[in-house]
Amino acid sequence: MATDTLKSTSSADGATGGLRRLLLDNGALSALIVLVIAMSALSGDFLTTDNLLNVGVQAAVTAILAFGVTFVIVSAGIDLSVGSVAALSATVLAWSATSHGVPVLIAVLLAVVTGIAAGLVNGFLIAYGKLPPFIATLAMLSVARGLSLVISEGSPIAFPDSVSHLGDTLGGWLPVPVLVMVVMGLLAAFVLGRTYIGRSMYAIGGNEEAARLSGLRVKKQKLAIYALSGVFAAVAGVVLAARLSSAQPQAADGYELDAIAAVVIGGASLAGGTGKASGTLIGALILAVLRNGLNLLNVSAFWQQVVIGVVIALAVLLDTLRRKAGATPVAGASQGGKGRQAATYGLAAVVTVAIVGATSFLHNGSSSTANPKVGLSLSTLNNPFFVQIRSGAQAEAKKLGVDLTVTDAQNDASQQANQLQNFTSSNLDAIIVNPVDSDAASNSVKAADQAKIPVIAVDRGVNKASVDALVASDNVAGGELAAKSIGEKLGGKGKIVILQGQAGTSAARERAAGFAQGLKAYPGIQVVAQQPADFDRTKGLDVMSNLLQAHPDVQGVIAANDEMALGAIKALGSKAGTSVSVVGFDGTPDGLNAVKDGTLYASVAQQPSQLGKIAVDNALKALEGKTVEETIKVPVKVVTKENVAGFTG
């Protein structure tokens with residue numbers, strides 16, 4: 001049986017050498033043990049049943065993806081498309097089951113077939129088209145994501161209730177995603193260790209030419225390997241969508257990097273020939289423990305990325321040290337080797353339980369702070385608008401003596417679900433959520449409701465779940481005001497373009513609906529183009545530059561946020577504020593400065609600092625049992641050069 005069991009070429013000298021060998025040969029397991037012990041010592045909230053189950057749930061999707069990627073990496077390949085294939089498979093399931101009435105079982109099979117088809121295309125391009133795996137799977141990454149957006153029309157699709165149960169728990173405590181992860185892990189281990197295709201993976205990864213000369217049909221094996229990766233990606237997509245109760249066209253964005261990282265951290269070599277399912281599981285758990293623990297310790301999301309990058313680098317360094325120390329991969333493992341490995345895992349478990357049990361006494365009897373603890377989960381901090389919400393919330397929390405923990409979901413609905421789960425298991429006094437998607441946040445908010453934790457939604461509501469209050473501006477009304485502003489400026493006629501927000505987000509949909517509704521009052525206004533620029537200034541610059549090539553006579557621009565408007569202004573150059581009027585949205589500091597300069601005609605300002613302030617106020621009221629209004633509307637205001645001096649945001 002082909003495994004990555006390691007055999008030392010030199011004997012260990014004494015107990016010190018044996019310990020050194022044990023740590024080198026089980027580097028990922030050692031790292032996981034150290035992490036668990038450290039997090040248990042640093043946070044009293046880490047070592048609870050609910051939180052440990054959270055870690056399992058949060059590792060599930062990455063682990064399932066990574067099991068499939070393990071097959072590819074063992075065979076010296078790479079698969080960058082698994083995240084997009086996961087999203088596409090889930091979208092196909094939801095679209096076929098809800099929009100076309102396909103029976104759920106058949107819809108699930110269609111999702112799996114979608115994953116297989118994507119994998120086969122990858123395998124064909126690599127094996128027969130002679131494309132490098134990096135290029136072939138990078139192309140599939142783009143194609144699968146694009147198809148997901150096309151099928152869903154950029155909007156989340158509700159998941160069938162019968163499939164959504166995959167995101168539930170058995171017996172009220174055992175999460176189904178964890179069970180699916182275990183089953184898929186056992187399947188991956190069986191394929192790698194007990195099947196012909198598994199042995200072929202190691203042979204191809206070890207020396208592809210030697211494998212071919214020994215009679216192995218390498219091309220056909222590669223087709224099967226990438227098809228297997230597609231199957232695991234499809235299962236991961238279904239599990240992820242079940243957790244979010246909807247198929248998100250932008251789901252699992254960037255998860256391919258986490259999957260590859262989990263495989264590498266688990267001891268596999270990118271050069272091929274080594275890797276195993278148990279190591280991949282440990283790698284996924286390390287990433288999940290890191291993110292969970294850093295959330296509990298209130299470490300910035302930006303620093304979390306730094307820490308995870310360092311861990312990946314250390315994992316590769318450990319592999320290098322292990323090889324230099326004389327450990328070399330062999331083709332098989334004796335029963336004695338397997339017994340020693342099992343004993344190692346058992347000893348590790350005993351040591352971990354003993355040390356973690358001892359560290360738990362550090363938290364016993366510790367006095368809790370008198371200050372209320374509130375968690376704030378923002379959809380992103382890569383946007384000045386949400387940075388202002390955070391600033392307003394932090395200022396008010398400091399004033400009221402509230403301990404505020406802020407997390408950044410990075411526009412990832414799954415990551416936000418993890419953060420909200422962490423808030424709930426940490427027994428925070430109240431939660432404020434700015435949803436990445438209104439549907440996707442529902443299950444996490446329901447869990448907080450069951451734990452009797454007040455939840456305040458800010459800027460965007462939560463569908464299919466009860467929140468104590470919604471503090472928001474009206475995006476649709478704001479969109480209508482933006483349309484009215486450009487219509488009046490152009491005298492009711494002219495050619496305009498619309499820069500849309502990130503496809504699939506509720507803010508983009510609502511603002512676009514407002515633009516369309518407001519422009520109905522100006523039949524002389526012709527929208528010559530509408531393109532997404534993802535709420536990003538650089539993309540706004542690029543998209544506007546492209547549109548100007550086709551429509552040089554454009555007279556107006558409506559952008560779904562100030563960042564895209566500022567990018568459009570850069571593309572327009574001297575035309576901005578003279579022959580072309582630009583209207584933005586949000587009232588960010590840079591946007592207001594552009595209004596003062598005259599390059600931005602107007603911005604529909606939402607007063608984001610006030611949103612954050614009012615959200616904290618109402619979270620404290622709900623915590624104290626006081627009555628709060630179900631909906632608190634913060635007025636939007638059209639800010640132009642005439643009134644910008646008196647606007648404070």
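Since the model is a prediction, treat every value here as computed from it, not as a measurement.
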To check you understand the geometry: which heavy-atom pair defines the closest contact between [X] and [Y], and what is its length?
X    : Y    : result
L240 : A251 : CD2-CB, 3.9 Å
G461 : S438 : O-OG, 2.8 Å
A483 : I558 : CA-CD1, 4.1 Å
A447 : T424 : O-CG2, 4.0 Å
L53  : V178 : O-CG2, 4.5 Å
V582 : A565 : CG1-CB, 3.9 Å

Quick check: do [X] and [Y] have side-chain heavy atoms less than 4.5 Å from each other?
X    : Y    : answer
E563 : F535 : no
S84  : M140 : no
L93  : F159 : yes
M181 : P175 : no
N51  : L296 : yes
V82  : Y255 : no
N618 : D468 : no
L378 : R390 : yes

Can [X] and [Y] be counted as having a side-chain donor-acceptor contact under 3.5 angstrom?
X    : Y    : answer
Q530 : Q500 : yes
S152 : T91  : no
S425 : D50  : no
Q58  : N422 : yes
D412 : S414 : no
T137 : D79  : no

*Could you go step by step and tell me if L244 and D437 meet the side chain to side chain contact (heavy atoms under 4.5 Å, CB included) rule?*
CA-CA 9 Å; L244 303 177; D437 180 81; over 6 Å; no
Calculate, to the nearest 0.5 Å, the distance between atoms [atom1] and [atom2] belonging to [X] and [Y] respectively.
X    : Y    : atom1 : atom2 : result
N475 : R509 : CG    : CZ    : 10.5 Å
T588 : L566 : OG1   : CG    : 6.0 Å
W95  : L88  : CH2   : CG    : 10.5 Å
S148 : Q248 : OG    : CD    : 9.5 Å
I632 : L611 : CD1   : CG    : 10.5 Å
L420 : Q416 : CG    : CD    : 5.0 Å

Between the side chain of [X] and the main-chain N/O of [Y], is any donor-acceptor distance below 3.5 Å?
X    : Y    : result
Q502 : D536 : no
D408 : L381 : yes
S426 : L428 : no
T405 : G375 : no
R460 : P435 : yes
N292 : A288 : no
D586 : F385 : no
N443 : R243 : yes
R145 : P249 : yes
S442 : D439 : yes

*Check the pair D562, S603 against side-chain hydrogen bond (donor to acceptor under 3.5 Å, both in side chains), reporting the backbone distance first and the verdict last.*
CA-CA 7 Å; D562 284 345; S603 178; 2.9 Å; yes
*Testing L187, V85, I116 for side-chain contact (heavy atoms from CB on, under 4.5 Å) with V231, which one passes?*
I116
*I498 pairs by side-chain contact (heavy atoms from CB on, under 4.5 Å) with which of V527, I486, V528?*
V527
*List the steps, then state whether side chain to side chain contact (heavy atoms under 4.5 Å, CB included) holds for V92 with I151.*
CA-CA 8 Å; V92 167; I151 293 171; 4.1 Å; yes
*asked:* As a quick check of understanding, evaluate side chain to side chain contact (heavy atoms under 4.5 Å, CB included) for V497 and Q531, giving each step before the final call.
replied: CA-CA 8 Å; V497 300; Q531 290 292 324; over 6 Å; no
*Take M564 and V543 through the test side chain to side chain contact (heavy atoms under 4.5 Å, CB included) and record every step on the way to the result.*
CA-CA 9 Å; M564 293 187 296; V543 172; over 6 Å; no
*Answer yes or no: does atom CD of Q305 have more than 12 heavy-atom neighbours from other residues, nucleotides or ligands under 6.0 Å?*
yes
*asked:* Tell me whether D542 at atom CG has more than 12 heavy atoms from other residues, nucleotides or ligands lying less than 6.0 Å away.
replied: yes
